[in-house]
Amino acid sequence: MRFALISASLVVLAACHQAPSAPLPGETATPATALPPSPAPTTPVSPSATPPAAAPVAQTPSTASNPQEVLVAWAKAVSLRDWATVRGYWGDHGARSGLSEAAFAAQWGALRDPQLDIAKGSQEGAAGSSYYTAPITIRDGARTIKGEVVLRRVNDVPGASAEQLRWHIESTTLKV
């Protein structure tokens, strides 16, 4: 028993005197006694006014049950100028926008550095669907665009598809 305790103690002591392990890729080695660097001041990030070299791959639109969260996710895609994803927020996978992918990107691509403000909206129901209308302001340099976005979803009707059950843009009065 005494031999086991001495052996265990030696193993623990040996581990204490090992050289520090190599840093993982992307890490830098820092002495254990060094204080962490003070955080850099944060700066709001706005997308570049230059369109990306390649068209982004459309992200899946938000399927949040809260329509305000869906609008916030949509606004993020607008601010990133991710037109394929922005179009995907319209019903029928973007077809309800009334524009082809190319025409949609050309129209919305006129926005160079869009910053969006979404006011609290109002929700109402009618004939098996729920609607959520919210005032939107887009600031794009000196240009300000005001309008509303109407989201719609089918209430939990048997046989409704996932596309019908998600909050999606039904219409907008925004003139971009």
Side-chain angles (χ1 to χ4, degrees), residues 26 38-176:
S38 59
T42 58
T43 305
V45 177
S46 67
S48 168
T50 307
V57 174
Q59 302 298 310
T60 302
S62 173
T63 57
S65 60
N66 180 333
Q68 189 73 18
E69 289 178 26
V70 172
L71 281 176
V72 168
W74 170 78
K76 180 179 178 186
V78 171
S79 69
L80 292 172
R81 302 181 76 241
D82 180 356
W83 308 131
T85 299
V86 172
R87 182 179 178 271
Y89 275 89
W90 262 259
D92 297 327
H93 306 286
R96 300 280 305 208
S97 71
L99 299 171
S100 68
E101 289 181 33
F104 188 93
Q107 179 178 332
W108 283 77
L111 297 173
R112 302 324 267 157
D113 186 22
Q115 305 299 312
L116 286 82
D117 293 320
I118 305 168
K120 184 171 173 60
S122 61
Q123 186 171 337
E124 59 186 56
S129 292
S130 292
Y131 293 85
Y132 184 82
T133 304
I136 308 284
T137 302
I138 301 175
R139 287 181 183 75
D140 189 38
R143 183 176 172 205
T144 300
I145 304 163
K146 292 185 177 207
E148 291 182 333
V149 171
V150 177
L151 297 180
R152 176 178 168 258
R153 79 176 290 276
V154 171
N155 293 330
D156 298 326
V157 177
S161 69
E163 174 67 13
Q164 293 169 323
L165 292 170
R166 77 175 175 95
W167 284 106
H168 58 272
I169 298 175
E170 182 70 12
S171 64
T172 182
T173 60
L174 294 168
K175 304 291 184 208
V176 292

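Index from 1, following the sequence. Nothing here was measured: the structure is a model prediction, and the numbers come from that model.
- Residue pairs meeting the salt bridge (Lys or Arg N to Asp or Glu O under 4.0 Å) criterion with at least one partner in residues 90-99, sequence neighbours excluded, are R96-E170.
- Remark: R143 pairs with no residue by the salt bridge (charged side-chain N to carboxylate O under 4.0 Å, His left out) rule, at least two apart or across chains.
- For the pair K146 and P135, the minimum side-chain heavy-atom distance is 4.5 Å or more.
- Residue pairs that meet the salt bridge (Lys or Arg N to Asp or Glu O under 4.0 Å) test with at least one member in residues 120-140, sequence neighbours left out, are D117-R139.
- For the atom pair CD1 (I138) and NZ (K175), the distance works out to 12.0 Å, reported to the nearest 0.5 Å.
- Between the OG1 atom in T137 and the CD atom in Q115 there is a gap of 12.5 Å [rounded to 0.5 Å].
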Legend entry - Verdict with supporting geometry, Y89 and V78, side chain to side chain contact (heavy atoms under 4.5 Å, CB included): CA-CA 11 Å; Y89 275 89; V78 171; over 6 Å; no
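- Partners of R152 under the side chain to side chain donor-acceptor pair (under 3.5 Å) rule, at least two apart in sequence or in another chain, are S129, Y131.
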What side-chain donor-acceptor pairs closer than 3.5 Å can you find for residues 101-108, not counting sequence neighbours?
none

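- I169 is listed as a side-chain neighbour of L151, based on a closest heavy-atom distance under 4.5 Å.
- Nearest approach of G147 to L174, heavy atoms of both residues: N-CD2, 3.5 Å.
- In terms of heavy-atom proximity, G159 sits nearest to Q164 at O-OE1, 4.4 Å.
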Determine all donor-acceptor pairs shorter than 3.5 Å in which one atom belongs to a side chain in residues 61-77; sequence neighbours excluded.
from: S62; atom 1: OG; to: A64; atom 2: N; distance (Å): 3.1
from: N66; atom 1: OD1; to: Q68; atom 2: N; distance (Å): 2.8
from: Q68; atom 1: OE1; to: Y132; atom 2: OH; distance (Å): 2.4

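- Distance alone, capped at 3.5 Å, is enough to place a donor-acceptor pair between the T173 side chain and the E148 backbone.
- Residues meeting the side-chain contact (heavy atoms from CB on, under 4.5 Å) test with S130, sequence neighbours left out: Q123, R153, N155, W167.
- For the atom pair I136 CD1 and I145 CD1, the distance stands at 12.0 Å (nearest 0.5 Å).
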